[in-house]
Amino acid sequence: MPEVTLVEAINLALGRAMEDDESVVVLGEDVGVDGGVFRATAGLQKRFGSERVLDTPLAELLISGLCVGMAAQGLRPVGEIQFMGFLYPCFDQLVNHASRMRNRTQGRLTCSMVLRTPHGAGIRAPEHHSESTEAMLAHIPGLRVVMPSSPERAYRLLLAAIRDPDPVVFLEPTRMYRAAKAEVEDNGEALPLDHAFVLREGRDVTLVSWGAMLKETIAAADELSAEGIDAEVIDLATLKPYDEATVVSSVQKTGRCVIVHEAARTGGFGAEIAAIIAERSLSSLLAPVTRVTGYDTVVPMARLEQHYIPSVARIVTAARKACQFS
Amino acid sequence: MPEVTLVEAINLALGRAMEDDESVVVLGEDVGVDGGVFRATAGLQKRFGSERVLDTPLAELLISGLCVGMAAQGLRPVGEIQFMGFLYPCFDQLVNHASRMRNRTQGRLTCSMVLRTPHGAGIRAPEHHSESTEAMLAHIPGLRVVMPSSPERAYRLLLAAIRDPDPVVFLEPTRMYRAAKAEVEDNGEALPLDHAFVLREGRDVTLVSWGAMLKETIAAADELSAEGIDAEVIDLATLKPYDEATVVSSVQKTGRCVIVHEAARTGGFGAEIAAIIAERSLSSLLAPVTRVTGYDTVVPMARLEQHYIPSVARIVTAARKACQFS
Amino acid sequence: MASQRMADEGLPVIARFEVHRRNYLKSDGSIARPVPAFASDANLLLSLYRAMVLLRHFDRKAVALQHTGRLGTYAVSLGQEAVSVGIASAMREEDVLLPSYRDNGALLWRGVKLEEILLFWGGDERGNQFSGPVHDFPFCVPVGSQAPHAAGVAYAFKLRREPRVAVCMFGDGATSKGDVYEAMNFAGVHKLPVVFVATNNQWAISVPLRLQTGSETLAQKAIAAGFTGEQVDGNDVVAMSAAAEAAVAAARDGKGPRFIEAVTYRLGDHTTSDDASRYRSADEVQMHWKEDPIGRLRTFFVDKRMWSKADEEQLAADCHERIEAATERYLAMAPRQPETMFDHLYADLPEAYAAQRHELAGEGDA
Amino acid sequence: MASQRMADEGLPVIARFEVHRRNYLKSDGSIARPVPAFASDANLLLSLYRAMVLLRHFDRKAVALQHTGRLGTYAVSLGQEAVSVGIASAMREEDVLLPSYRDNGALLWRGVKLEEILLFWGGDERGNQFSGPVHDFPFCVPVGSQAPHAAGVAYAFKLRREPRVAVCMFGDGATSKGDVYEAMNFAGVHKLPVVFVATNNQWAISVPLRLQTGSETLAQKAIAAGFTGEQVDGNDVVAMSAAAEAAVAAARDGKGPRFIEAVTYRLGDHTTSDDASRYRSADEVQMHWKEDPIGRLRTFFVDKRMWSKADEEQLAADCHERIEAATERYLAMAPRQPETMFDHLYADLPEAYAAQRHELAGEGDA
Ligand SMILES: Cc1ncc(C[n+]2csc(CCOP(=O)(O)OP(=O)(O)O)c2C)c(N)n1
Ligand SMILES: Cc1ncc(C[n+]2csc(CCOP(=O)(O)OP(=O)(O)O)c2C)c(N)n1
Ligand SMILES: [Mg+2]
Ligand SMILES: [Mg+2]
């Protein structure tokens, strides 16, 4: 079994889904001949034709709205938005239509669609290419929000997203597209869409993160372990709905929690995790719940972006502080 | 001094701002001859002419984008979006441009603009007219998000918003437009844009809310007081940036906190408040921080909307529970 | 007539476009030009007439219900009945309608029940779970946002080689929205089987057409998307039906999308929440009553001795009866249980929200 | 030539439109039709030429910097130099430019320094704090989203009775975006002093024009907004400059907006992150080299004996020197201090974020 990168795993999942189910359609800018600006759709148009793998005009609102219409007709569209910074024109369709078509029509029309987009900074891309505003999406009832952090989870969660009968925004960790590499068996098996993954068990402190930040979070756990601090690492993976139980029971065990995300702190999804802990595990808490996050400012362009993204050192410091708290 | 409704207070503030500063321009659908679907701009076109009070084509993205362009030219546009459900097409302009024009150009171009929109359910309006997605906005760096809950604060915070050199989304509590009535002196005095208001002092539990939910929250405080529970009520009023200090010091005093908002719970702005408490006041907490919120579902249409909006009873129950916690 | 611009400097012309206008039945009930074949089918004309009259009676009832607190905000079709009825009359059951909030006439024609429409405007989602064609879309409230759906639906038809057509209806105001343009542009690229219908009733709430767009017609907006736009007398149900027939047939034949501008006038308030006297004169409205689509067709029938006063009274009585019966069924319908607001959120309610549903059901306490 | 559609059934025509095409200098350097007056000013033509050549040299350097890790993603203008240079040449200092990421040529003409452009593409916001006209907008990356800004800027001009013009530039891909349409439609309503320029280089990354729109020209998209669109040979800098002159003058005179479609071809990759050979043939590109805007103007000069080999060498040397000096200044510029990422977030940094700035400065620990 050869190793694949995360973006290759995405490609495998798309190919598998299209093979299995001819109602799956891939659409977006440059997804056809070009195979996508990150090559996530490479080869698909050749395999499945230009009707099922179609290059749309340059219009993100359109892409999301087409998905809603196609889905109402029983297709399973998978739209690609080139960068998360170009997802905002889709918000009207996501909030007002995709997420509530089933509810509005009491189940008569449904909306099985996926909108995929790269998430996060760190690849020295131009302005507006470094967004991580998953919290805005995770607040929308009726939507699912998913973010893998390994080739394996990318493959299996994307398959689950495509097969899910409801709309899913699938956020792909840009920094990991080529950096993460692992064996993935292309066997069509999916993972559940509302389970968090405990990537590493530990007794002293719970580190909760998602997407590309797992890399720094795991590295921090390694450093902490060298200091004798035993960190549990949770990949939340699905943000909407999210797996409260896994987070809460981990914190009940460790008594300490550090939440790590790349997005700006205020109103980030880390707040939700902290809130659920404050609500459900207060009496287990041995230290304040802290958030190690991007700053509350616009993500800077390439020259400063590394200062914006939470570092291993910031995570380690926060976890250490939590363990020393009294 | 006559009593005015909240929407009349908005109207007074707009008139005052336009009188004081001829760079203030009001734009939106039906803001002209019609005076706005809620009458917030009534009489303004007559007073200031159709160039300064202009009816735009039916295009919300356009309204927000025009504001950005006008502001870069030194005007102070005040755009009206008829209902919050129609604000989503503005997200691209808000996130990618309005909130970062100053930052992108290192201060060369700036964006002093206000986007006003009615917020919340409860007036038996049609589908898509009952949104309360302030949390999505409060996550955007560079933006200000403001929500008054009385005619006085509506007047003074709107004046502040218009005079502020940066972009402000001004959310107006629809249910209170005509229901709230009070004396307001039209003296042009503004309130600060990052202060929470302690509407009622108390020792036992802190109730934090904003916008129209203050009505139920205050009523709950009244009921609690009859039971001998002394609730402190905070109107957050500005969500971005928000006044951490007032919230935190209140909770440090009371040891208990219930957050009340109309928006869906998951990822709502209540999570941010709970998170800051879990981070900064853990040791003062005598009970879990709880959130009384709208449910994590699509706001239902008129027949069920009252079941969606948090009731006085739900708030009372939560506060009582917090006080009984041990 | 729009002038041709930029003919200066003798630069060569590389593209030319024309916009046509279609009308048959003049406002006085006389005939402007040879009517299309279908119009010689008296039964069809009568059924169009009956549908328009039913709609007008129904609107009146709905407004009365709203005024007495038994219905929410409601948008009447007064003066515009020929548009939605004419369009729907050209569609097949298997076609898909994507209507705006003012297109009741089209829904009724396609089999949605009166009480279902009341239920929707009464604030109950079950109104969208209607007895019309199962793939038809619910009323769209965010103006113009259903246009991309129409393109998506039409794309599905084309992909599956199904001879079906999507019909998307919206107002003059909607033609200012970027989503409508984006959808039309995409439809133009793929020659999709979709018909876009703009009901140009001259007003978007208080905003008159001249503040909505600088274009001489709405029909010409299709030129930007590379297909044909036609202007139609929207108060002439024969013209509306004929234009829709032509457009739907072309779309079904693989000839690509069409755009129809139906020129009409909103004789009533925008909705029951509106007071149109704030922004337009009674005279203006009065003048447009002369164009009334129902009156002119009645005159035509009467002139042809196809229709009597007794027929008219009978029709009114029938409408009344149907509407009253439907209203009773509507009013008798108990609201849903509060916790059902979770029942169609996802196909299966995630565990995370089950507790909230439970709380709402009053059975527990989340 | 676009055919006139829907002439069936003898329905009357209510509006007619034409699209013209402008060109003067053919690809072989000969003259197609009488050139406009300004083109007899040899110095002006030479300065246009110099600007195009500088841009081409600069692009080459920027790509080299990118390849060696000293610059971020960069978009060259290869083959399109006449568009941005020609447009800018018709603007006044007090006009406002709203450019796309590929309009370096216009910024340079307007006084932005080479090192400022490098700074921006090198990933430093200070590149947008440039020495060009103070009200000019920075490069717009989210395609088409600056079009509403252009309308807002032009509205401010009109409101204040200032004789200034906003010029908004974008690509063929951008013409599919709803924001561009919405902005054009608004400009049409108020006859705003704004010129929209679509650089039609046939490709939006890998998406060819035929998948972008079904319309025969981009120029005709202005018809939907009620104003004039003109197609221009975008490889003819004389035509570009003349078209821009005409449009800017009309806008300044209160005659309302204009739309210019500049037909050209992207000879290079989309950006340094792209590999165009994945989606188009070398033959196609080769064929378009014949249209090269720089080559044809040089031929014209040479034919008129206005330009020698020595002149060309001198120009190349000058460009080289300017570019090398600018590069050195760029490379010598230290990055900003990390905490400055908070300095232009708000006019005054709210207390809530001061602690974060402090943490970032390494002075404290938020
Ligand atoms: C996107 C959006 N913005 C604003 C509104 C509020 N609104 C409802 S109807 C309307 C006017 C619509 O005018 P038009 O498209 O001409 O349709 P008509 O009502 O005349 O049938 C407005 C502004 C809305 N429903 N959707
Ligand atoms: C809204 C948006 N979507 C996607 C992108 C990614 N992207 C950058 S350039 C480009 C193609 C633009 O094509 P065109 O408008 O023709 O301009 P050109 O690059 O040819 O000059 C795309 C899709 C973007 N920058 N903005
Ligand atoms: Mg209308
Ligand atoms: Mg292009």
Exercise for the section: Assess whether side-chain contact (heavy atoms from CB on, under 4.5 Å) is satisfied between A:Leu75 and C:Leu159, documenting all intermediate values. Expected result: CA-CA 10 Å; A:Leu75 295 183; C:Leu159 179 71; 3.9 Å; yes

Exercise for the section: Measure C:Asn185 against the heavy atoms of chain A and call it side chain, backbone, both or neither at under 4.5 Å. Expected result: side chain

Exercise for the section: Given side-chain contact (heavy atoms from CB on, under 4.5 Å), test A:Arg100 with C:Leu345 step by step and report yes or no. Expected result: CA-CA 7 Å; A:Arg100 54 181 91 176; C:Leu345 182 62; over 6 Å; no

Fill in the blank from the handout: In A:Gln73, A:Glu51, A:Glu22, the residue satisfying side-chain hydrogen bond (donor to acceptor under 3.5 Å, both in side chains) with C:Arg160 is A:Gln73

Problem - CD-NE2 distance between A:Gln106 and C:His344, expressed to the nearest 0.5 angstrom - result: 4.5 Å

Exercise for the section: With a 4.5 angstrom heavy-atom cut-off, could you sort out which part of C:Tyr155 is near chain A: side chain, backbone, both or neither? Expected result: side chain

Fill in the blank from the handout: In terms of heavy-atom pairs under 4.5 Å with chain A, the winner among C:Gly178, C:Pro350, C:Ala183, C:Ala352 is C:Pro350

Exercise for the section: For A:Asp166 and C:Ala347, indicate whether the former's side chain and the latter's backbone hold a donor-acceptor pair under 3.5 Å. Expected result: yes

Completion exercise
Counting heavy-atom pairs under 4.5 angstrom with chain C, the leader among A:His97, A:Glu244, A:Met70 is A:His97

Problem - C:Lys113 atom NZ, neighbour heavy-atom count above 12 within 6.0 Å - result: no

Exercise for the section: Please report the closest heavy-atom contact between C:Glu182 and A:Leu61, naming both atoms and the distance. Expected result: OE1-CB, 3.4 Å

Problem - Neighbourhood of chain A inside residues 128-153 of chain C, taking heavy atoms under 4.5 Å as contact - result: C:Asn128, C:Gln129, C:Phe130, C:Pro133, C:Val134, C:His135, C:Asp136, C:Phe137, C:Pro138, C:Phe139, C:Cys140, C:Pro142, C:Ser145, C:Pro148, C:His149, C:Ala151, C:Gly152, C:Val153

Fill in the blank from the handout: For C:Glu351, the side-chain contact (heavy atoms from CB on, under 4.5 Å) test, sequence neighbours excluded, returns none

Problem - Max heavy-atom pair count under 4.5 Å with chain A, selected residue of C:Lys158, C:Met341, C:Arg161, C:His190 - result: C:Arg161

Practice task
Check whether any side-chain heavy atom of C:Phe186 sits under 4.5 Å from a side-chain heavy atom of A:Leu54, and report yes or no.
Solution key: yes

Problem - chain C contact via A:Pro141 - side chain, backbone, both or neither, heavy atoms under 4.5 Å - result: both

